[in-house]
Novice: 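Attaching a single structure in structure tokens format; questions to follow.
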Amino acid sequence: MRRIASALIVLLVGLTAAAAEISAPPLKIATVASLPVPLPYPYDERASGDKTVGDAFARAKVSHKRVLIDMGGNWCADCRILAGVMALPEMKRFLGQHYEIAMVDVGRFDKNLQIPARFGVKKLVGVPTVVVAEASGKTLNVANSADLAEAREMSPQKIADWLARWAAPVDVR
């Protein structure tokens, strides 16, 4: 009887975890070529990375959201494609519900490098590098942070699904 009860508990926990997975909104475009142009220049090249990230964490502590730290450069096509997907109305709404966003300019791998290091990214292997963290600072995806570095090879929906993968349920406190 205890084995059956234990098995049911494991099954219920597994079902609850699966139900907690967040789905990305369905996007109306199928290819990155369909993104509105011109693509955004998402990074403020004069901003302090420390202040940008610090402000996002301060907002996250109040809003109870996760922090999405997007590190890249305006010269990078993949970074601009990611920004274009993030700017789509349905994605902008979704991201606003789940994340506080910090856009950090890393130049040509020569600026604000203390930011990736702070979150356990020893070396930027490509951009965009996207780190997701809890409001407490605990990182969730360092091993996967460079997955979007070839965004131009991905569909917008696949990018949206990647962003949703790290989202937490909306906290309605």
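A quick note: this is a predicted structure, and the numbers were derived from the prediction, not measured.
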Novice: Find the distance between CD1 (I159) and CD1 (I81) and round it off to the nearest 0.5 Å.
Specialist: 7.0 Å
Novice: Output the distance between atom SG (C76) and atom OH (Y41), rounded to the nearest 0.5 Å.
Specialist: 12.0 Å
Novice: Which atom pair, heavy atoms only, marks the closest approach of A102 to A56?
Specialist: CB-CB, 3.8 Å
Novice: What distance do L35 atom CG and R80 atom CZ have between them, rounded to the nearest 0.5 Å?
Specialist: 11.0 Å
Novice: Any chance you could measure L27, atom CG, to M91, atom CE, to the nearest 0.5 Å?
Specialist: 6.5 Å
Novice: Going from CD1 on I101 to CG on D70, what distance comes out if it is rounded to the nearest 0.5 angstrom?
Specialist: 8.5 Å
Novice: Considering only Ile, Leu, Val, Met, Phe, Trp and Tyr, and joining two whenever side-chain heavy atoms are under 4.5 Å apart, list the other residues clustered with L113.
Specialist: V53, F57, V67, I69, M71, W75, V104, V106, F109, I115, F119, V121, L124, V127, V131, V142
Novice: Could you tell me whether E100 and R66 make a salt bridge, using a distance below 4.0 angstrom between a side-chain N and a carboxylate O?
Specialist: no
Novice: Please collect all side-chain hydrogen bond (donor to acceptor under 3.5 Å, both in side chains) contacts where either partner lies in residues 155-168, sequence neighbours excluded, each pair once.
Specialist: D147-W162, Q157-D161
Novice: Between K65 (side chain only) and G96 (backbone N and O only), is there a donor and an acceptor less than 3.5 Å apart?
Specialist: yes
Novice: If you take all heavy atoms of G126 and T129, which pair is closest and at what distance?
Specialist: O-OG1, 2.6 Å
Novice: Where do P128 and L82 come nearest, in terms of heavy atoms and distance?
Specialist: CG-CD2, 3.7 Å
Novice: Looking only at non-hydrogen atoms, find the nearest pair between C79 and P42 and report the distance.
Specialist: O-CG, 4.2 Å
Novice: For the atom pair OG (S63) and NE2 (H98), what is the distance rounded to the nearest 0.5 Å?
Specialist: 12.0 Å
Novice: Tell me the closest heavy-atom pair linking S23 and F94, and the distance in Å.
Specialist: O-CE1, 3.5 Å
Novice: Would you find more than 12 non-hydrogen atoms of other residues, nucleotides or ligands less than 6.0 Å from E150 atom CD?
Specialist: no
Novice: Are K28 and E90 close enough that some pair of their side-chain heavy atoms sits under 4.5 Å apart?
Specialist: yes
Novice: Heavy atoms only: give me the nearest T52-A47 pair and the separation to one decimal.
Specialist: OG1-CB, 3.9 Å
Novice: Apply side-chain contact (heavy atoms from CB on, under 4.5 Å) to residues D50 and Q114 and explain how you reach the verdict.
Specialist: CA-CA 8 Å; D50 291 316; Q114 74 281 5; 3.1 Å; yes
Novice: Can you confirm whether E45 sits close enough to N74 that some side-chain heavy atom of one is under 4.5 Å from a side-chain heavy atom of the other?
Specialist: yes
Novice: Hey, does the side chain of Y99 reach the backbone of L163 with a donor-acceptor pair shorter than 3.5 angstrom?
Specialist: yes
Novice: Check whether D105 reaches the backbone of Y43 with its side chain - one donor and one acceptor, N or O, closer than 3.5 Å.
Specialist: no
Novice: Apart from V37 itself, what residues make up its hydrophobic cluster when side-chain heavy atoms of I, L, V, M, F, W and Y under 4.5 Å apart count as a link, directly or indirectly?
Specialist: none
